[in-house]
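Some notes on the structure that comes next.
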Amino acid sequence: VQLQASGGGLVQAGDSLRLSCAASGRTSSRYAMGWFRQAPGKDREFVAALSWSGGSTYYADSVKGRFAMSRDNANNTVYLQMNSLKPEDTAIYYCAAKVDWKSPDRIYALKEAYDYWGQGTQVTVSS
């Protein structure tokens with residue numbers, strides 16, 4: 001499967017952005033999805049995860065209450081709604097997919113668990 005992330009940009013602190021991740025290719029498989037981010041000089045870190053059923057979500061403490069992940073399985077797209085953005089949210093954001101036929105409500109927070117990655121979209125938040 002191929003993942004295409006979009007929606008990044010330059011915003012001011014307090015603004016909102018919605019990232020999208022469109023999947024193409026073998027979209028008949030069942031995928032748990034995740035968003036990760038990587039700031040310059042730092043490791044890629046977990047942001048949010050969503051089960052393929054859409055019934056379970058999990059967020060990093062740093063974004064809890066501000067970010068919300070959702071999916072539209074009919075259009076093979078997942079979203080990350082980011083509100084109240086802070087300068088420390090500045091990073092390249094990556095979406096990832098994990099094939100999971102067995103556990104419709106399972107989420108994955110470790111980047112090593114994911115099978116496919118998108119190319120990333122830059123989010124820059126100015127103070």
Side-chain angles (χ1 to χ4, degrees):
V1 66
Q2 293 79 45
L3 303 175
Q4 181 73 38
S6 61
L10 172 62
V11 297
Q12 293 186 330
D15 285 350
S16 298
L17 276 176
R18 188 176 79 158
L19 305 184
S20 299
C21 177
S24 61
R26 195 170 182 176
T27 55
S28 60
S29 295
R30 295 175 177 172
Y31 298 100
M33 301 296 294
W35 284 98
F36 292 77
R37 66 187 182 187
Q38 188 165 17
K42 294 188 177 181
D43 290 336
R44 191 170 299 189
E45 65 174 7
F46 169 77
V47 176
L50 179 66
S51 62
W52 70 253
S53 72
S56 298
T57 54
Y58 182 66
Y59 299 94
D61 287 344
S62 58
V63 307
K64 200 172 295 182
R66 300 188 297 122
F67 290 12
M69 188 172 177
S70 61
R71 69 190 300 158
D72 179 352
N73 286 342
N75 291 306
N76 300 312
T77 303
V78 295
Y79 304 97
L80 184 67
Q81 178 66 43
M82 306 187 295
N83 300 325
S84 302
L85 283 161
K86 304 175 181 180
E88 51 264 43
D89 293 320
T90 295
I92 299 174
Y93 283 70
Y94 298 90
C95 60
K98 160 70 177 173
V99 178
D100 191 348
W101 288 95
K102 296 182 179 180
S103 306
D105 293 317
R106 185 170 178 178
I107 57 89
Y108 298 85
L110 296 178
K111 57 183 181 290
E112 292 80 8
Y114 286 85
D115 302 305
Y116 303 98
W117 290 84
Q119 86 292 355
T121 185
Q122 176 72 47
V123 172
T124 304
V125 185
S126 63
S127 57

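Basis for what follows: all heavy atoms, side chains included, without hydrogens, waters or symmetry-related copies. The first residue of the sequence shown is numbered 1, and numbering continues consecutively from there.
- Following chains of ILVMFWY side-chain contacts shorter than 4.5 Å, one cannot reach Leu50 starting from Tyr58, and the two form parts of different hydrophobic clusters.
- Formation of a donor-acceptor pair under 3.5 Å by the Gln119 side chain with backbone atoms of Ala5 is found in this model.
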Derivation of the side-chain contact (heavy atoms from CB on, under 4.5 Å) call for Lys111 and Tyr94 | CA-CA 10 Å; Lys111 57 183 181 290; Tyr94 298 90; over 6 Å; no
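- Between the Ser56 side chain and the Asp105 main chain, a donor and an acceptor come within less than 3.5 Å of each other.
- Residue Gln122 holds its CD atom at 7.5 Å from OG1 of Thr90, rounded to the nearest 0.5 Å.
- Within the model, atoms OG of Ser53 and CG of Asn73 stand 8.5 Å from one another, a figure rounded to the nearest 0.5 Å.
- No single ILVMFWY cluster, assembled from side-chain heavy atoms under 4.5 Å apart, contains both Trp35 and Tyr79.
- Under the 4.5 Å side-chain heavy-atom criterion for Ile, Leu, Val, Met, Phe, Trp and Tyr, Ile107 and Trp101 are members of distinct hydrophobic clusters.
- In this structure, Phe67 and Leu85 have side chains that are in contact, with non-hydrogen atoms separated by less than 4.5 Å.
- Residues Ser16 and Gln81 share a closest heavy-atom pair of CB-NE2, 3.9 Å.
- Closest approach of Val47 to Val63, counting heavy atoms only: O-CG2, 3.5 Å.
- Scanning both residues, Met69 and Tyr59, for their nearest heavy atoms gives N-OH, 2.8 Å.
- Salt-bridge check for Lys64 with Asp61: passed, with a basic side-chain N closer than 4.0 Å to an acidic carboxylate O.
- Between the side chain of Arg30 and the backbone N or O of Lys102 there is no donor-acceptor pair closer than 3.5 Å.
- Considering only residues two or more places apart in sequence or on other chains, Tyr114 meets the ring pair (Phe, Tyr, Trp, His ring centres under 6.0 Å) condition with Phe36.
- Taking SG from Cys21 and OH from Tyr116, the interatomic distance works out to 13.5 Å, rounded to the nearest 0.5 Å.
- Closest approach of Gly120 and Ile92 over heavy atoms only: CA-CG2, 3.8 Å.
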| Does the pair Trp52 and Arg71 meet the rule for a side-chain contact (heavy atoms from CB on, under 4.5 Å), with working shown? | CA-CA 8 Å; Trp52 70 253; Arg71 69 190 300 158; 3.8 Å; yes
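- Salt bridge present: Asp89 and Arg66 bring a charged side-chain N and a carboxylate O closer than 4.0 Å.
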**Request:** Could you please spell out the steps behind the side-chain contact (heavy atoms from CB on, under 4.5 Å) verdict for Asp115 and Tyr31?
**Result:** CA-CA 9 Å; Asp115 302 305; Tyr31 298 100; 5.9 Å; no
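- Taking the side chain as every heavy atom from C-beta outward, Arg37 and Val123 never approach each other to under 4.5 Å.
- When all heavy atoms are compared, the tightest approach of Ala13 to Ser127 is CB-CA, 4.4 Å.
- The hydrophobic clustering, which links ILVMFWY residues whose side-chain heavy atoms are closer than 4.5 Å, places Leu19 and Phe46 apart.
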(request) Would you sort out whether Ser126 and Gln12 count as a side-chain contact (heavy atoms from CB on, under 4.5 Å), showing the intermediate values? (result) CA-CA 5 Å; Ser126 63; Gln12 293 186 330; 3.7 Å; yes
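- Cluster annotation: Met33 is not connected to Trp117 through the hydrophobic network of ILVMFWY side chains, with a link wherever side-chain heavy atoms come within less than 4.5 Å.
- For Val1 against Ser24, the heavy-atom pair with the smallest separation is CG2-O, 2.9 Å.
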